[in-house]
A.B. asks: 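Following this message is one structure expressed as structure tokens.
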Amino acid sequence: MKKYIEVYQDIKKKIEKGELKTGEELVSETELCEQYSYSKDTIRKALSLLEMNGYIQKIKGKNSTVLGHGRMKNNFLGSIQTSEELNRDNKYSIKNKLISLEVIPATTKLIEIFSSNSKKKFYKIKRSRSIDGENLEFDIFYFDKNLVPNLTAEIVTKSTYEYLENTLKLKISHSRREIFFRHATEEEKKYMDLQNFNMVAVIKSITYLSNGSILQYGTTSYRPDKFSFISIAKRAK
């Protein structure tokens, strides 16, 4: 592992665990060099990567400041994190409810997305998620049954990604996401507490493994007043 990646991951972990809090300043680059026993160039590369992924803000002439990464209402486009990972400090009461888990034949759409063939089978999962007692999210997602075998109700209700990474040892690389708003479907009206809203915010995503294979395709719908997203954009020089 490259040295700057090691520093990046260590500081990132401290931010996500709450050891470094929103608004808190990091120590100076010189102190970070001493702390990690690496050169200033290595530290600067790590800090640049942290800034690019939205964990810190670098301010000229001052120490870097920790940003509010990981609040439940905010979807950070620079990272893939589960609700449980975003809720490390247990600030929210989160409960997943499995609506259905079934094996289906390949559809034309799934064949196209997964570059698959008609003989393959897929898991189709529907799940709602409550946060502090309100049903605010609704998932529909698909896995290739050959790639992700033996999915159970317990796994899907608890943490699918824990099973994928810790049990199956799959290496998740990145996710391509599309964000849009549309009218709520009948299922969303049934399984979400939409109040007076007739629209939902939707993230459609395709998640890839490190070898380039597609791991997951699906959508997560959100009640619009409980959804925002953050993207870091830097001015070209």
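Bear in mind the structure is a predicted one, so any value in this text is a computation, not a measurement.
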A.B. asks: Okay, side chain of Glu31, backbone of Ser28: is any donor-acceptor separation there less than 3.5 Å?
C.D. replies: yes

A.B. asks: Using the side chain to side chain donor-acceptor pair (under 3.5 Å) definition, which of the options Glu188, Glu187, His183 pairs with Thr185?
C.D. replies: Glu188

A.B. asks: Is a salt bridge present between Lys171 and Glu165, judged by a nitrogen-to-oxygen distance below 4.0 Å?
C.D. replies: no

A.B. asks: Testing the basics here: between Thr152 and Leu101, what is the closest heavy-atom pair and its distance to 0.1 Å?
C.D. replies: C-CD2, 3.6 Å

A.B. asks: Can you spot which of Ile11, Ile5, Asp10 makes a side-chain contact (heavy atoms from CB on, under 4.5 Å) with Val7?
C.D. replies: Ile11

A.B. asks: Are Lys120 and Asp144 close enough for a salt bridge, meaning some N to O gap below 4.0 Å?
C.D. replies: yes

A.B. asks: Checking Phe141 against Phe143 for the ring-ring contact (aromatic ring centres under 6.0 Å, His included) test, could you report, in this order, the C-alpha distance in whole Å, the side-chain angles of both residues, the deciding distance, and whether it holds?
C.D. replies: CA-CA 7 Å; Phe141 49 97; Phe143 292 101; 5.7 Å; yes

A.B. asks: Side-chain contact test, heavy atoms from C-beta onward, threshold under 4.5 Å: evaluate it for Thr207 versus Ile214 and give yes or no.
C.D. replies: no

A.B. asks: Can you tell whether the side chains of Glu19 and Lys14 come within less than 4.0 Å, N to carboxylate O?
C.D. replies: no

A.B. asks: For Arg182 and Ser221, work out which heavy atoms get closest and say how close.
C.D. replies: NH2-OG, 3.8 Å

A.B. asks: Take Phe122 and Phe114, measure what ring-ring contact (aromatic ring centres under 6.0 Å, His included) needs, and give me the verdict at the end.
C.D. replies: CA-CA 10 Å; Phe122 290 84; Phe114 283 85; 4.9 Å; yes

A.B. asks: Between OG of Ser64 and CD1 of Ile43, what distance do you get to the nearest 0.5 Å?
C.D. replies: 11.0 Å

A.B. asks: So which heavy atom on Arg127 is nearest to which on Thr160, and how close?
C.D. replies: NH1-OG1, 3.8 Å

A.B. asks: Just to verify, what does Tyr208 make a ring-ring contact (aromatic ring centres under 6.0 Å, His included) with, not counting sequence neighbours?
C.D. replies: His174

A.B. asks: Does the side chain of Asn150 come under 3.5 Å of the side chain of Tyr163 through a donor N or O and an acceptor N or O?
C.D. replies: no

A.B. asks: Can you name the residues that form a ring-ring contact (aromatic ring centres under 6.0 Å, His included) with Tyr38, not counting sequence neighbours?
C.D. replies: none

A.B. asks: Does one side chain, of Asn211 or Ser213, offer a donor that lies under 3.5 Å from an acceptor on the other?
C.D. replies: yes

A.B. asks: Do Asn63 and Val27 have side chains that get closer than 4.5 Å, going by heavy atoms?
C.D. replies: no

A.B. asks: Determine the minimum heavy-atom distance between Val156 and Leu151, stating which atoms define it.
C.D. replies: CG2-CD2, 4.4 Å

A.B. asks: Can you tell me if Lys21 uses its side chain to pair, donor with acceptor, with the backbone of Gly18 under 3.5 Å?
C.D. replies: yes

A.B. asks: Can you classify the ring geometry of Phe138 versus Tyr191 as parallel (below 30°), tilted (30 to 60°) or perpendicular (above 60°)?
C.D. replies: parallel

A.B. asks: Any idea which heavy atoms bring Leu194 and Ala184 closest together, and the distance?
C.D. replies: CD1-CB, 3.7 Å

A.B. asks: Taking the side chain as every heavy atom from C-beta outward, state whether Lys126 and Asp139 have any pair of such atoms under 4.5 Å apart.
C.D. replies: no

A.B. asks: Locate the shortest heavy-atom distance separating Ser100 from Leu98; write the atom from each residue and the value.
C.D. replies: O-CD1, 3.4 Å

A.B. asks: Is the shortest distance from a Lys or Arg side-chain nitrogen in Glu6 or Lys3 to a carboxylate oxygen in the other one below 4.0 Å?
C.D. replies: no

A.B. asks: Just checking, any donor-acceptor pair under 3.5 angstrom between side chains of Gln9 and Tyr4?
C.D. replies: no

A.B. asks: Considering only heavy atoms from C-beta outward, does the side chain of Leu47 approach that of Ile56 to under 4.5 Å?
C.D. replies: yes

A.B. asks: Under 3.5 Å, is there a donor-acceptor pair between the Thr157 and Glu154 side chains?
C.D. replies: no

A.B. asks: Using side chain to side chain donor-acceptor pair (under 3.5 Å) as the criterion, point out the one residue from Thr220, Asn135, Asn96 that pairs with Arg129.
C.D. replies: Asn96

